[in-house]
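Chain naming here is simple, since letters A, B, ... match the order of the sequence lines and numbering starts at 1 in each.
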Amino acid sequence: MQNNFGLRIVLDILIFSAVIHGWWFIAVPLALSGAWKYAYFCEFIIAGIIYDSLFGLVPGNGVAGYAGIILSIVLLLLVAILKRVLRR
Amino acid sequence: MRIVLSFSIAKMTYLQPHRRPYQQFARFGAVIVGVIVLACVVIIIFAPHLFSAVFTSMARPFWRMEFSAMSGSLKSPERLLAENEELRNRLTDLELSSETIDFVLAENQELKTLLGRGNDVQTSTSSEYMAPIVDGVLAAVLKRPPVSPYDEIIIDVGRDYTISTSSLIYAVGNVLIGRVVDVLGTTSKVRLFSSPGERYEVLIGTSNTPATAIGRGGGQYEAQVSREAGVRESDFVTNPSVSQRPFAQVTAVLSDPTQPFETVIFAPMVNIYQLKWVIVR
């Protein structure tokens, strides 16, 4: 349990570092692996919010400015459903 | 004894909870996630700059450090001194070249005056185009494509300088590349004119062929022109509604013999992936 928690913190730091540098292509696989390993990996959504706050949320961009948030929610839901189906 | 054991097993089986603990935990987790998402949506709607301001101020020190590392501020003193010396030599060379340019400019101005053309019309060869930058705010580019899929750059000036969402962004060489779309405390977001879906009326080539430029992202534009227009590679592209100065150059002309139109691909005269400094006006 202790190890799991430590690993989760390390994963969070890696995701946060990738997000503030705009490396979504690194943050997404890391967040997906976190979502697969841990239940309720809400850091995924938080990462999406931070990403859009830094690089998106620009007036006039429309829904495209919320791509990070939308993608994180959709992927988190997909992983949750997939886990449920495969681990039944 | 056997009877008691079987009774206790039966009792344990019977007393197992109807709803498993993880189901309750799942519901609790889902509620937490839902509340977070709802709170974020409400904050984004009612205070759209709150998250941007908070997270940008958190990320700015990291970006500044990265910028310093990339621009060589963290090099050794010996290396910096050598680079300084080399730059001084180059500056001397450029000063000599600049004198030649000044002479040509003066001659150009004289010829224009002789032909009855003053400075009332800005052209790519007017003195203003070649003049050094004296107005505007110099800004460091903290983030640039392709790390951001939104095809924008982030600069290190914000409300602390007199810039607004209508400010235009010029790259080195006075090349117009975008405009400020969001101003935060100490940073601003700049959308490049080449952002996907952006449309501009432009004039291409020496014949000033009118066309609609569509941003393709990554500093690329495309436009459809008639085959008879005679557009060639390295032709200049201007945008009269924004500036008379050329802001792009044709990089490729894709022609299909079965089509009456050809596709012109053009890009800014600066590489947006290598931008380090820009001017905000």
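- Contact of A:Ile45 with chain B is made through the side chain alone, with heavy-atom distances under 4.5 Å.
- At least one side-chain heavy atom of B:Arg179 sits under 4.5 Å from a side-chain heavy atom of B:Phe193.
- Options A:Ile69, A:Leu54, A:Ile73 differ in how many heavy-atom pairs under 4.5 Å they form with chain B, and the most are formed by A:Leu54.
- For B:Arg159, there are no salt bridge (charged side-chain N to carboxylate O under 4.0 Å, His left out) partners two or more places apart in sequence or in a different chain.
- Of the listed residues (A:Asp52, A:Leu76, A:Val19), the one with the most heavy-atom contacts under 4.5 Å to chain B is A:Asp52.
- The candidate from A:Gly48, A:Ala67, A:Ser17 with the greatest count of non-hydrogen atom pairs under 4.5 Å with chain B is A:Ala67.
- Closest approach of B:Ile214 to B:Arg199, counting heavy atoms only: CD1-NH1, 3.8 Å.
- Counted within 6.0 Å of OH on B:Tyr273, heavy atoms from surrounding residues, nucleotides or ligands total more than 12; the atom is thus considered enclosed.
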